[in-house]
Amino acid sequence: MRAHPGWAVVRFIVVAVGAVFMIAPFLIMISTSLEPNTSILPSPPHFFPQEVTLDNYVRAITENNFGGYFLNSLFVSVATTVATVAISAMTAFAFARFDFRFKNVVFSLLLAGLMIPGIVIIVPQFILAKNLGMVDSLWGLVFFYTAGQIAFTTFLLRAFFERVPHELDEAMTVDGAGIVRKFVGLYIPLARPALATAAVFSFLGGWDEYVWALTVITDPLKRTLPLGIAAFQGAHTTAWGLVFAASVVAVLPVVIVYVAGQKHFIAGIAAGAVK
Amino acid sequence: MKRTAVLLPAVALAIAMGLSGCDIGGSAAPAADVEQLAPGADVTGSIIFWHGYGEDGAEVKTLTDVVIPAFEKLHPGVTVTPVQIPPGDMHQKLVTAAAAGSLPDIIRADIVTVPELAKLGTLVPLSQAMPDFQDFADTMYPGPLETNRYGDDYWGLPLDTNTKVVIYSEQGLEADGLDAVPATLDELKDAAENSKDGTYAFAEGGAGGWNLLPYIWSNGGDITDPDYTTADGYLNGPKSVEAIQMLVDLYKDGKLPGIILGGTGTGTWDGVPSGEYVSMVDGPWAMPVLQGAHPEVDFKTAPMFSGDGGSIGVVGGEDLVLTSQSENKPLAAEFLRYMLSKDAQLAMGEVGQLSAQSTLADDMSNLQPYYADFLTQLETAKPRPVTPQWAKIDDIFAKQIQLAFQGTISVQDALDEAVAQIDPLLAQG
């Protein structure tokens with residue numbers, strides 16, 4: 001049955017309206033970043049700059065060790081992504097293809113961690129970090145970000161690994177392949193879309209995270225980007241031009257990662273949806 | 001997709017909870033004998049100073065390029081490491097650091113967090129530790145000094161202060177056909193009721209204590225007794241109810257803009273320059289911003305609208321506190337003294353930080369003419385109730401006020417209910 005051509009128009013309008021809503025904040029952000037710095041946001045907001053200047057970018061990037069914050073964020077996000085995906089892939093593989101005692105109990109425990117809002121455990125977590133010597137350290141951020149993301153990523157990947165046909169697995173067994181060879185040669189390549197999705201989530205999780213970084217990072221040299229941007233906000237006034245210029249620069253890697261991984265990303269989400 | 005980024009598996013959580021049990025709660029009331037921090041002591045070593053000065057603009061630059069180097073020059077060999085914490089998140093950072101025992105040596109803390117930190121046992125009682133405490137206290141405006149009191153002691157000294165006054169423009173008066181900005185609450189009510197269509201005599205940007213207490217105080221009401229033990233008979237007393245009733249009546253008649261409840265509408269910093277609002281009540285930081293953005297408008301200040309209680313503003317600002325965890329209290333105390341010196345106060349005054357020392361009022365007004373009205377207002381300005389419970393009390397206050405504005409309940413009922421919820425908190429101290 002073919003859809004009525006009118007539906008295409010309706011669909012287009014709905015999608016277009018949605019797109020406008022999604023893009024509007026970005027337009028306001030870019031527009032504000034290109035206008036002279038101000039403590040008062042224009043009202044109504046400008047979607048296009050009325051007086052273009054690159055002043056905010058120059059100041060945001062040069063005045064506050066912005067390059068250092070950027071590198072810190074990059075390091076933390078990449079290390080978190082590598083660690084999370086590597087550990088979660090192995091964990092998910094174990095849950096998907098091995099049978100062991102209390103498997104479901106352990107998996108439930110893992111998921112239970114997802115149900116607890118982060119802010120509730122922030123004080124005990126901070127004390128734990130202090131006792132482990134992981135306060136005010138970028139590696140400390142990587143450790144806690146990774147620990148925080150393993151549960152969700154494992155959940156995502158397990159569903160994917162379980163859908164790998166048993167026949168392929170058995171064929172490799174007949175060929176004499178061990179567990180490691182199966183994991184590396186069969187499961188990892190087949191799960192590429194899911195791994196890409198997991199990597200994007202991990203990267204964004206590390207790149208955007210603010211509350212935990214605020215809590216443990218005190219040394220200005222170890223600030224990540226969200227902390228650096230927040231420093232532009234004063235007690236009573238905020239340098240919006242600088243905040244938005246810094247935000248535009250901060251958002252670029254995210255856009256690049258997302259666009260580069262988009263194909264895999266959507267496939268991965270769809271795959272996770274149907275079990 | 002938004003997930004909470006940092007989550008530990010349940011097992012680790014259980015361990016963490018166990019650890020926290022050992023670490024928190026150890027330190028309570030101050031030790032019987034407090035380490036004495038005499039002025040002029042021979043200081044060495046280094047300290048860490050947490051502050052929330054704005055990274056943009058001149059505050060941080062003046063601190064790091066002028067004030068701290070001058071102190072380090074006075075005491076060769078010592079190091080002060082300043083650390084900027086975003087002001088909006090300072091409270092969370094302080095609470096977690098206090099729980100884990102990783103506070104710095106000295107903190108520029110928002111005045112409303114001092115009693116809370118004192119209650120946690122994390123601060124040095126300066127009135128006991130500093131032999132020269134009273135000399136400093138004598139120079140301060142009473143309102144800012146009061147913000148440091150908890151129990152029988154003072155736990156900090158005011159580093160900078162502010163209050164709110166009426167800000168308006170000649171152009172705005174003209175647009176609304178007024179000869180002068182209202183001086184009293186009665187005149188304000190009159191002007192609001194008779195304002196032209198599309199203009200308002202005044203606007204308020206919120207319904208919390210910071211916004212509405214000046215109206216209550218100026219009308220002769222109060223929120224609690226002077227010792228912060230009960231709100232009964234104060235917040236729900238006739239004068240407090242009358243002040244809120246006036247605002248609610250204006251709101252219902254469409255004479256007070258809806259932004260008071262956080263609704264949509266022109267913000268005060270847009271409405272006053274455009275003439276939509278004749279006046280607003282705001283702090284000194286508004287002046288440079290408004291003048292910079294609207295050089296064509298002539299912004300002026302006037303005292304808070306007065307009533308039976310006088311013209312009473314609300315105290316804002318920051319206090320300097322020393323932490324009991326500090327391993328170099330003598331140096332921290334010397335730095336505190338230097339931050340309160342005339343040199344340092346004037347240096348920070350040049351970048352917008354009003355001194356809380358009434359003895360420096362003339363010097364401050366010389367720096368910026370618009371400081372004068374704020375400093376006069378500070379002579380009688382009151383702090384919000386100085387209690388560790390203030391944040392919760394403020395939430396209750398704002399919520400009940402909102403109900404009264406929405407007309408769900410009467411002002412009297414709303415404030416009675418607020419008192420019923422606030423008094424148990426005050427009893428906890």
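Per chain, numbering begins at 1; letters A, B, ... match sequence-line order. As the structure is a prediction and not an experimental result, all values here were calculated from the model.
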(message) Is A/L221 in contact with chain B via its backbone, its side chain, both, or neither, using a 4.5 Å heavy-atom distance?
(response) neither

(message) Pairing donors with acceptors under 3.5 angstrom, does anything connect the side chains of B/T147 and B/D319?
(response) yes

(message) I'd like to know which of B/T96, B/L290, B/I48, B/I85 tops the heavy-atom pair count under 4.5 Å against chain A.
(response) B/T96

(message) As an exercise: rank A/V211, A/T215, A/I122 by heavy-atom pairs under 4.5 Å with chain B and give me the winner.
(response) A/T215

(message) Can you tell me which portion of B/D89 sits under 4.5 Å from chain A's heavy atoms? Options are side chain, backbone, both or neither.
(response) both

(request) Return yes if a side-chain donor-acceptor contact under 3.5 Å exists between B/E116 and B/H91, otherwise no. (result) yes

(message) Less than 4.5 Å to any heavy atom of chain B: does that hold for the side chain of A/V135, its backbone, both, or neither?
(response) neither

(request) Indicate whether any N or O donor in one side chain lies under 3.5 Å from an N or O acceptor in the other, for B/Q84 and B/Y53. (result) no

(message) Is the positively charged end of B/R108 above the ring of B/F49, judged by distance under 6.0 angstrom from the centroid and angle within 45° of the axis?
(response) no

(request) Mark yes or no for whether B/T161, through its side chain, and B/G316, through its backbone, hold a donor-acceptor pair below 3.5 Å. (result) yes

(request) Answer with side chain, backbone, both or neither: which region of B/Q92 has an atom nearer than 4.5 Å to a non-hydrogen atom of chain A? (result) side chain

(request) Could you look at B/N162 and say if it's the side chain, the backbone, both or neither that has a heavy atom under 4.5 Å from chain A? (result) side chain

(message) Just by distance, no angles: are the side chains of B/D394 and B/W210 close enough, under 3.5 Å, to form a donor-acceptor pair?
(response) no

